[in-house]
Enquirer: 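First the structure, which I've put down as structure tokens, then a few questions once you've had a look.
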Amino acid sequence: MTEYTKLEEIRLEKIETLREKGIETYPTRAKRTHTSAEAIEAFEMAEESASQGEEVLATLTGRLRSARNLGKISFAHIEDGAGRVQLFFRVNDIGKEKLDFFAKFFDLGDFIQAEGTMFRTRTGEVTLRVSDFKLLAKAVTPLPAAKDETLEDGTVVHHAALEDVQLRARQRYADLAVNLKTRETFKKRAAITRSLRDFLDERDFLEVETPILQPIYGGAAAQPFTTHHNQLKQELYLRISFELYLKRLLVGNLERVYEIGRDFRNEGVSYKHNPEFTQLEFYWAYADYLQVMELTEQMVAYAAEKATGSTKVTYQGQEIDFTPPWNRLEMRQGLLDECGVDINECRDASSLHAALNEKNIEHPADIQRGKLIDWMVDEFLEAKMIQPTFLYNYPREISPLAKSIPGDPQTVERFEGFVAGMELCNAFTELNDPIDQEQRFLEMGRDYDEDDEEQHPMDEDYLRAMRYGMPPNGGFGMGVDRLVMLLTDKHSIREVLLFPHLRAEE
RNA sequence: GGGCGCGUAGCUCAAUCCGGCAGAGCAGUGGCCUUUUAAGCCAUUGGUUGUGAGUUCGAGUCUCACCGCGCUCACCA
């Protein structure tokens with residue numbers, strides 16, 4: 001049984017009293033003629049027009065956010081999807097009984113429908129002079145923040161607003177109801193994903209949906225979630241990437257495909273990692289990673305423009321300029337500049353370990369060359385890439401699905417995009433040679449056997465698809481949540497997820 | 001998983017350093033108030049101080065364990 005607080009019990013008693021009076025506390029239907037913004041605009045238009053003084057009749061609906069009962073009159077603010085508007089109740093207009101009904105039985109957080117005529121108060125605020133009103137839905141639990149102050153310049157200051165990060169995430173409904181900024185964040189998020197779709201649709205990319213439940217996971221080096229199909233008695237994995245399915249579509253002559261959807265990785269949770277996250281991947285036949293690079297900077301700049309109105313944004317106090325072209329940094333050159341080690345001169349793990357030792361650089365021992373280079377990027381380069389930067393040309397060992405640079409079999413045509421010291425996206429010229437791909441799977445299986453629990457499973461069906469012939473192509477993946485973080489100036493991924501993963505309560 | 005920090009009324013926070021009656025504002029309740037807007041004024045309700053144990057005459061405060069959250073490191077294509 002639900003245990004109620006005293007504040008809730010008082011409201012439940014009000015509900016009981018209203019029902020005894022025959023007043024419906026959750027009526028089925030509502031009516032409105034204007035949103036708050038439309039009503040205010042209509043009144044201002046009427047004020048300015050030649051037919052000045054013409055009455056603007058309106059029926060408004062919304063949530064009660066403040067109430068000031070002054071005896072024989074009351075003022076209140078309601079909030080709807082378009083903003084706020086003030087209501088004015090006067091005993092002369094509605095009589096004592098109705099005024100008392102409002103003052104006694106309406107609480108902050110309740111939904112109300114009110115009709116009347118728009119006017120301007122002595123202090124100049126456009127307000128609805130209420131002639132009749134009714135309860136639309138009673139709130140039992142008080143909203144966590146009750147009062148806001150609107151300053152002269154129009155900014156709204158929240159007093160005693162809901163700020164507790166945990167509570168805001170667990171009870172996102174309350175956070176959204178009370179914090180305008182939270183609603184704005186998620187509207188921006190929608191604008192960002194819409195802009196990404198628009199950008200790709202305009203360029204003839206086809207949006208597709210591929211399986212989330214997969215018999216074999218792949219396309220990334222990550223631990224999967226496992227699940228089970230009861231009737232088929234089949235072990236299944238939640239996908240860790242879309243890559244292998246999307247590339248099957250290139251075999252099927254779909255030349256440009258993309259998917260925006262959820263990936264699941266059974267790994268650590270942090271300010272930039274959630275167990276499920278939104279990924280954008282696209283594959284582009286007859287393109288290579290350099291073309292993908294250009295498309296990427298245009299696409300992200302487009303999203304920034306659509307979401308924030310500019311390609312320059314402020315992130316955690318520093319200005320980030322997404323305007324193309326972005327910085328380009330070759331991995332070998334970047335590492336050579338930062339730590340004096342030339343990875344091209346160190347073609348195996350032991351020579352690279354030796355070179356690092358020679359420079360007195362402490363580094364993890366006993367790991368293979370590719371992983372060591374990855375470590376060097378983390379150590380020397382990642383945090384320095386604040387402005388959007390493409391780091392390109394990666395070691396083959398950590399890129400089993402990317403194609404080598406002609407004439408340099410140990411290096412692949414791959415880049416990652418970094419912004420604010422955070423990895424945003426990952427792309428490469430895709431490997432389309434089925435013989436080479438099979439070899440890579442075998443190599444990965446061996447490598448991971450040796451020093452990792454992350455097996456890279458062989459996907460026989462994917463190889464069968466590739467054997468039918470796959471056009472040369474460039475592929476791309478981006479963490480959409482991270483892009484949203486950058487464009488909404490949020491330090492934590494939890495702030496851009498409506499319902500981030502949290503431990504179970506109690 | 002490691003380190004550091006936080007958890008007090010529905011919400012925001014005091015009291016913790018140096019143990020001594022657990023407080024304020026808002027919200028709520030009762031009253032006054034016909035242009036307010038964080039309305040105001042008078043009165044008033046509301047607490048297992050995250051949970052459990054310990055030290056002590058006495059614990060919100062000190063100690064330990066646990067739970068949750070945050071930051072950070074590790075992990076993470």
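So that the names make sense, note that chain A is the first sequence line, chain B the second, and so on, each numbered from 1.
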Enquirer: Between rU72(B), rU35(B), rG31(B), which nucleotide gets closest to the side-chain atoms of F119(A)?
Expert: rU35(B)
Enquirer: Can you identify which nucleotide, out of rA77(B), rC76(B), rU72(B), has its nearest atom closest to the H273(A) side chain?
Expert: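 Closest nucleotide to the H273(A) side chain: rC76(B).
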Enquirer: Over all heavy atoms of both residues, which pair between V419(A) and P388(A) is shortest? Give the atoms and the distance, please.
Expert: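 Residues V419(A) and P388(A), closest heavy atoms: CG2-CA, 4.0 Å.
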Enquirer: By the 4.0 Å heavy-atom rule, please label Y394(A) as base, sugar-phosphate, or nothing.
Expert: nothing
Enquirer: Counting just side-chain N and O atoms, does K6(A) come under 4.0 Å of either OP1 or OP2 of rA9(B)?
Expert: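 Checking rA9(B) against K6(A), no side-chain N or O comes under 4.0 Å of OP1 or OP2.
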Enquirer: Less than 4.0 angstrom between a side-chain N/O of K14(A) and OP1 or OP2 of rU29(B), yes or no?
Expert: yes
Enquirer: Given the structure, check if the side chain of R68(A) and the base of rU36(B) hold any donor-acceptor pair shorter than 3.5 Å.
Expert: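 Side chain to base: pair found, below 3.5 Å.
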Enquirer: E430(A) and side chain to side chain contact (heavy atoms under 4.5 Å, CB included): which single residue from V292(A), L246(A), L250(A), N473(A) fits?
Expert: N473(A)
Enquirer: Got a donor-acceptor pair under 3.5 Å from the side chain of E125(A) to the base of rU36(B)?
Expert: no
Enquirer: Rounded to whole Å, how long is the line connecting atom CD of E382(A) with atom C1' of rC73(B)?
Expert: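 These atoms are roughly 14 Å apart.
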Enquirer: Taking the six-membered ring for Trp, is the centroid-to-centroid distance between F101(A) and F106(A) below 6.0 Å?
Expert: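 Yes, close enough.
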Enquirer: Round to the nearest Å and state the distance from L7(A) atom CG to rU29(B) atom C1'.
Expert: 10 Å
Enquirer: Is it the case that more than 12 heavy atoms not belonging to E97(A) sit under 6.0 Å from its CD atom?
Expert: no
Enquirer: Nearest-Å distance, CD1 (I493(A)) to P (rC71(B))?
Expert: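 My rounded result for the distance is 12 Å.
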Enquirer: Can you measure R65(A) atom CZ to rA27(B) atom C1' for me and round it to whole angstrom units?
Expert: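 For the pair R65(A) CZ and rA27(B) C1', the rounded distance is 12 Å.
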Enquirer: Searching all strands shown, indicate the nucleotide that pairs with rC26(B) (Watson-Crick or G-U wobble; both distances under 3.5 Å).
Expert: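 Pairing partner: rG10(B).
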Enquirer: Among side-chain atoms of T411(A) and N393(A), is any donor-acceptor pair under 3.5 angstrom?
Expert: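 Absent: no donor and acceptor within the cut-off.
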Enquirer: Could you check whether E423(A) gets within reach of a base, just the sugar-phosphate, or nothing at all, counting any heavy atom under 4.0 Å?
Expert: sugar-phosphate
Enquirer: Among rG28(B), rA77(B), rU35(B), which nucleotide sits nearest the side chain of F428(A)?
Expert: rA77(B)
Enquirer: Return the nucleotide paired to rG54(B): Watson-Crick means purine N1 to pyrimidine N3 with N6-O4 or O6-N4, wobble means G-U with N1-O2 and O6-N3, both under 3.5 Å.
Expert: rC62(B)
Enquirer: In whole angstroms, how far is the C1' atom of rG40(B) from the CD1 atom of I73(A)?
Expert: 13 Å
Enquirer: Within this structure, what is the CG-to-C1' distance between N69(A) and rG31(B), rounded to whole angstrom?
Expert: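 Rounding to the nearest Å, CG of N69(A) and C1' of rG31(B) are 13 Å apart.
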Enquirer: I10(A) CD1 to rG10(B) P: how many Å, rounded?
Expert: 12 Å
Enquirer: To the side chain of E267(A), which of rU35(B), rA77(B), rC76(B) is closest?
Expert: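 Closest nucleotide among those given: rC76(B).
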Enquirer: When you measure from the side-chain N and O atoms of K371(A) to the phosphate of rC76(B), is any distance below 4.0 Å, counting only OP1 and OP2?
Expert: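 K371(A) to rC76(B) OP1/OP2: side-chain N or O found under 4.0 Å.
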Enquirer: Return the pairing partner of rC41(B) with a 3.5 Å limit on both distances, Watson-Crick or G-U wobble; otherwise return none.
Expert: rG31(B)
Enquirer: Hey, is the side chain of H491(A) poking within less than 4.0 Å of OP1 or OP2 on rU72(B), counting only N and O atoms?
Expert: yes
Enquirer: Check each of Y245(A), F225(A), Y237(A) against Y217(A) using the ring pair (Phe, Tyr, Trp, His ring centres under 6.0 Å) test, and report the only one that passes.
Expert: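 With Y217(A) as partner, Y245(A), F225(A), Y237(A) yield a single ring pair (Phe, Tyr, Trp, His ring centres under 6.0 Å), made by Y237(A).
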Enquirer: Nearest to the side chain of R170(A), which nucleotide is it out of rU34(B), rC69(B), rU29(B)?
Expert: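 My answer, after comparing the listed nucleotides, is rC69(B).
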Enquirer: May I have the distance from R90(A) (atom CZ) to rU35(B) (atom P), rounded to whole angstrom?
Expert: 10 Å
Enquirer: Hey, which sits more toward the 5' end of RNA chain B by its nearest nucleotide, S492(A) or R265(A)?
Expert: S492(A)
